[in-house]
Amino acid sequence: MTSWAALREQVDAGERLSYDDGLWLFAQRDIIKLGQLAKSARRRLHGSKVYFNKNRHINPTNVCAFHCNFCSFARTSDDEEGAYTFMPEQLPARVRPAVQAGVREFHIVGGLHPKLGFEYYEDVIRVLKREFPHIHLKAFTAVEIDFFSQLTGLDHEAVLRRLMAAGLDSMPGGGAEIFHWDVRKKICPEKADMETWLHVHDTAHRLGLKTNCTMLYGHIEQPEHRVHHMVALREQQDKTGGFQVFIPLAFHPEENNLGRRLKRQWTTGVDDIKTLAISRLMLDNIPNIKAYWVMLTPELAQVALSFGANDMDGTIIEEKIYHEAGARTDQEMTVEGLKSFIRAAGYTPVERDTVYNELAVYA
Ligand code: V47
């Protein structure tokens with residue numbers, strides 16, 4: 001069993017924490033000591049910098065063949081109330097105002113539509129790249145890539161190459177949920193399993209794509225599942241090094257079966273902060289930890305900056321996944337808003353692009 005003093009020495013020496021250290025940290029109640037450790041790990045990597053970007057989310061369809069029981073966004077068919085599908089040609093007009101306002105990235109994820117075929121998704125990328133060649137397209141989770149493999153019979157590499165030829169620039173980190181099968185089989189049994197999810201990212205990294213990674217926490221999982229998840233990501237990162245950022249995702253319980261079963265139990269602020277801080281300490285080879293403001297609230301994301309996080313995500317503009325599941329945050333944050341939240345927490349706002357090149361430092 002470890003101690004705060006032993007962990008302090010390990011963190012100061014830049015030594016890797018073990019699975020058992022991670023479990024020990026989750027069992028502790030002193031979030032100030034935890035925060036001090038995470039903050040020093042974060043300071044060594046990033047000084048006082050906190051990143052944000054100018055982005056817009058696009059969810060081309062919410063019709064989905066899968067039935068993940070934590071999801072409030074998906075509709076099972078085109079006929080269900082609230083179902084929508086934008087054709088690729090409809091998208092440019094919707095997102096042009098954001099481009100005119102200076103957005104640099106589209107974050108594109110959506111349902112696994114049972115009828116549309118891979119060409120639909122390829123066209124989404126092709127049309128957006130044709131209309132807006134200077135915008136970075138961060139699109140499709142590993143789960144979507146694996147679904148496209150099933151649709152086409154192509155392997156992950158061939159699917160990714162087709163999408164890269166159409167204009168794909170990088171991949172978001174969704175679909176990871178909780179890797180451990182004891183939990184995964186209960187919350188999303190149809191989804192790509194851990195090995196498959198990691199294989200897609202492994203392939204993307206080897207093709208030169210940067211990707212992100214996530215973990216959905218605060219439902220039926222236990223601390224050991226969270227630590228197992230972090231260790232699996234860390235081991236993948238040792239092999240390919242292409243993960244840019246880890247984003248812990250707090251379960252939102254409204255309008256989904258899992259939430260109903262858990263009597264609409266939300267994560268607590270302390271759990272959110274602990275999970276962010278422990279991820280900073282465990283994921284020594286993933287450079288950035290994101291406090292996703294639209295999910296946490298800007299206020300808690302601001303506190304998270306002193307507990308290991310160094311990125312707040314971006315302007316977003318339109319968010320559906322968390323708002324359908326009960327989020328009460330705004331849809332959009334202005335650049336001035338992001339800068340002032342970061343400054344008021346005592347940090348230096350830095351605008352980045354999707355792959356973490358620094359564009360402007362607001363000293
Ligand atoms: O994969 C779905 C999660 C993810 C709920 O890469 C839920 O920069 C909580 O991955 N409660 C999509 N979470 C979002 C995502 C993401 C977000 C921001 C930035 C990036 C990035 C990635 O949202 C899904 C799933 O894990 N999710 N439903 C829910 N009820």
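If you read the sequence from its start, that first residue is 1, and numbering goes on from there.
The pair Glu157-Arg161 counts as a salt bridge, with a side-chain nitrogen and a carboxylate oxygen less than 4.0 angstrom apart. Salt-bridge check for Asp353 with Arg104: failed, with every basic side-chain N at 4.0 Å or more from each acidic carboxylate O.
Within a 6.0 Å radius of NZ in Lys210, no more than 12 heavy atoms belonging to other residues, nucleotides or ligands are found. Around CZ of Arg264, the count of heavy atoms belonging to other residues, nucleotides or ligands within 6.0 Å does not exceed 12.
Under the side-chain contact (heavy atoms from CB on, under 4.5 Å) rule, Met194 has a single partner from His228, His180, Glu177, which is His228.
Side-chain atoms of Ser77 and Glu80 form no donor-acceptor pair, as typed in the model, at a separation below 3.5 Å. Remark: the His113 side chain and the Thr61 side chain contain no N/O donor-acceptor pair separated by less than 3.5 Å. Side chain to side chain, Gln237 and Asn285 fail the donor-acceptor criterion of an N or O pair below 3.5 Å. A donor-acceptor contact closer than 3.5 angstrom is absent between the side chains of His201 and Thr240. Side-chain contact of Thr76 with His67: a donor-acceptor pair under 3.5 Å is absent, judged by distance alone. In this structure, a donor-acceptor pair under 3.5 Å is absent between the side chains of Tyr347 and Asn310. For Gln244 and Asn288, the side-chain atoms include no donor-acceptor pair closer than 3.5 Å.
The main-chain N or O of Val361 is never found under 3.5 Å from a side-chain atom of Glu358 such that the two would form a donor-acceptor pair.
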One pair to check against side chain to side chain donor-acceptor pair (under 3.5 Å): Ser149 and Asp146. What are the steps and the verdict? CA-CA 5 Å; Ser149 275; Asp146 187 54; 4.8 Å; no
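Linking Ile, Leu, Val, Met, Phe, Trp and Tyr residues whenever their side-chain heavy atoms come within less than 4.5 Å leaves Leu116 and Val63 in two separate clusters.
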